[in-house]
Amino acid sequence: GNTILGNLIVTGTTTTVNSTVNYANTNFAESITATTTQTAAATSTAYAVALPAPTSSSGVTVSNTSRINFANAGTYQMVANMQFDNSDSTSDNAYTWLKKNGTNIANSTYIAAIVQKHGSTNGNTLITWIQAFTVAANDYIEVFWQTDSTTVRLLSTAASGNYPQAPSVNLVIRQLA
């Protein structure tokens with residue numbers, strides 16, 4: 001039979017005969033949430049995002065505070081939400097990317113201008129990206145960031161009034177195949 005990995009979009013009329021839909025691995029998902037503010041001591045320096053251990057036993061673990069370890073080989077998708085703030089009076093860039101086993105993953109860098117301070121309030125920018133990658137059993141992935149200015153940081157904000165805590169980083173990892 002034929003296997004479709006990804007999206008299938010059909011326009012028009014279709015007829016399906018003797019079909020089976022297999023949603024393998026759709027129940028696997030891991031969420032890792034960092035609730036600490038992370039700062040850059042220097043510009044143009046790569047920093048690994050500090051992460052806590054996952055709370056479930058999905059075969060994904062965190063070691064060395066930044067390595068996301070995969071017990072099972074496969075193709076995975078990571079959705080990242082990274083909350084940056086900037087205390088500078090001008091906007092500054094933040095760069096985020098992935099490394100696999102210590103080596104940059106090609107074409108994984110995302111760049112955003114972190115908006116400047118307005119009045120006495122720091123500027124905030126949420127960087128969100130989705131990246132697919134393939135790993136062998138026991139490979140690890142790390143999320144890195146750097147900035148053009150030490151006034152930019154990954155910000156976690158405490159709960160206040162009607163809203164809950166805002167994490168600095170939230171990663172959702174899903175096995176695709």
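As the structure is a computational prediction, the values presented were derived from the model and not from experiment.
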- Note on the structure: Scanning both residues in full, the closest heavy-atom pair of Gln165 with Ser156 reads NE2-OG, 2.9 Å

- Interatomic distance, CG@Asn138 vs OG1@Thr61, rounded to 0.5 Å, equals 9.0 Å

- Query: Quick one: CG on Leu171 to CD1 on Ile32, what's the gap to the nearest 0.5 Å?
  - Reply: 6.0 Å

- Rounded to the nearest 0.5 Å, what's the gap from OG1 on Thr150 to CG on Asp88? Could you check? 8.5 Å

- 4.5 Å side-chain heavy-atom contact, Ile105 and Trp97: no

- Task: Mind telling me whether Tyr76 and Phe70 have parallel, tilted or perpendicular rings, with 30° and 60° as the class edges?
- Result: tilted

- Task: Work out which heavy atom in Ile130 is nearest to a heavy atom in Val79; give both atom names and the distance.
- Result: CG1-CG2, 3.9 Å

- Nearest atoms (heavy-atom pairs only) where Ser31 meets Asn170: OG-ND2, 3.2 Å

- Task: Would you tell me whether Ser66 and Glu142 have side-chain atoms, one donor and one acceptor, within less than 3.5 Å of each other?
- Result: yes

- Same hydrophobic cluster for Phe133 and Ile68, using side-chain heavy-atom links shorter than 4.5 Å among ILVMFWY? yes

- Query: Do Leu51 and Thr65 have side chains that get closer than 4.5 Å, going by heavy atoms?
  - Reply: no

- Message: Given 3.5 Å as the limit, does a donor-acceptor pair link the side chain of Thr121 with the main chain of Gly119, or not?
- Response: no

- Message: Would you say Val135 ends up clustered with Val62 if hydrophobic residues are merged whenever their side chains have heavy atoms under 4.5 Å apart, either directly or through other cluster members?
- Response: yes

- Query: Taking Thr157 for the side chain and Ala166 for the main chain, is one N or O donor matched with an acceptor at less than 3.5 Å?
  - Reply: no

- Tell me, which pairs form a ring pair (Phe, Tyr, Trp, His ring centres under 6.0 Å) where one or both residues lie in residues 30-67, sequence neighbours left out? Tyr47-Trp145

- Query: Does Lys100 make a cation-pi contact with Tyr140, if we ask for NZ or CZ under 6.0 Å from the ring centre and within 45° of the axis?
  - Reply: no

- Item | Side chain proximity check, Met78 to Val143, heavy atoms < 4.5 angstrom | yes

- Kindly say whether Arg153 contributes a backbone atom to a donor-acceptor pair with the side chain of Thr39 at under 3.5 angstrom? no

- Minimal heavy-atom distance between Tyr163 and Ala158, with the atoms involved, is CE1-O, 3.9 Å

- Query: Hey, what do you get for CZ (Arg67) to CG (Asp139), rounding to the nearest 0.5 Å?
  - Reply: 11.5 Å

- Query: Linking I/L/V/M/F/W/Y whenever their side-chain heavy atoms sit closer than 4.5 Å, directly or via other members, would Trp129 and Ile173 fall into one cluster?
  - Reply: yes

- For residues Gln83 and Leu154, determine if any side-chain heavy atom of one lies less than 4.5 Å from a side-chain heavy atom of the other. no

- Counting N and O atoms only, with roles assigned by atom type, does the side chain of Ser58 sit under 3.5 Å from a partner on the main chain of Glu30, one being a donor and the other an acceptor? no

- For residues Val49 and Met82, determine if any side-chain heavy atom of one lies less than 4.5 Å from a side-chain heavy atom of the other. yes

- Rounded to the nearest 0.5 Å, how far does CG of Asn86 lie from CG of Asp92? 4.5 Å

- Item | Residues Thr134, Thr75; criterion side-chain hydrogen bond (donor to acceptor under 3.5 Å, both in side chains); working and verdict | CA-CA 4 Å; Thr134 301; Thr75 300; 3.2 Å; yes

- Within one Ile-Leu-Val-Met-Phe-Trp-Tyr cluster: Val115 and Val152, side-chain cutoff 4.5 Å: no

- Item | Single-linkage hydrophobic cluster Tyr110~Phe84, side-chain heavy atoms < 4.5 angstrom | yes

- Query: Hey, is the main chain of Asn122 close enough, under 3.5 Å, to the side chain of Asn124 for a donor-acceptor pair?
  - Reply: yes

- Task: Check whether any side-chain N or O of Gln38 sits under 3.5 Å from a backbone N or O of Ala50 as a donor-acceptor pair, and report yes or no.
- Result: yes

- Verdict with supporting geometry, Lys117 and Ser89, side chain to side chain contact (heavy atoms under 4.5 Å, CB included): CA-CA 5 Å; Lys117 182 177 187 175; Ser89 59; 5.6 Å; no

- Item | Derivation and outcome, side-chain hydrogen bond (donor to acceptor under 3.5 Å, both in side chains), residues Thr43 and Asp148 | CA-CA 5 Å; Thr43 61; Asp148 295 338; over 6 Å; no

- Shortest non-hydrogen contact from Pro167 to Ala34? CB-O, 3.3 Å

- Work out which heavy atom in Ser168 is nearest to a heavy atom in Thr36; give both atom names and the distance. OG-O, 2.7 Å

- Message: For the OG1 atom of Thr147 and the CD1 atom of Ile111, what is their distance to the nearest 0.5 Å?
- Response: 11.5 Å

- I would like to know whether Thr45 and Gln146 meet side-chain hydrogen bond (donor to acceptor under 3.5 Å, both in side chains); could you show each step before the answer? CA-CA 6 Å; Thr45 299; Gln146 86 179 44; over 6 Å; no

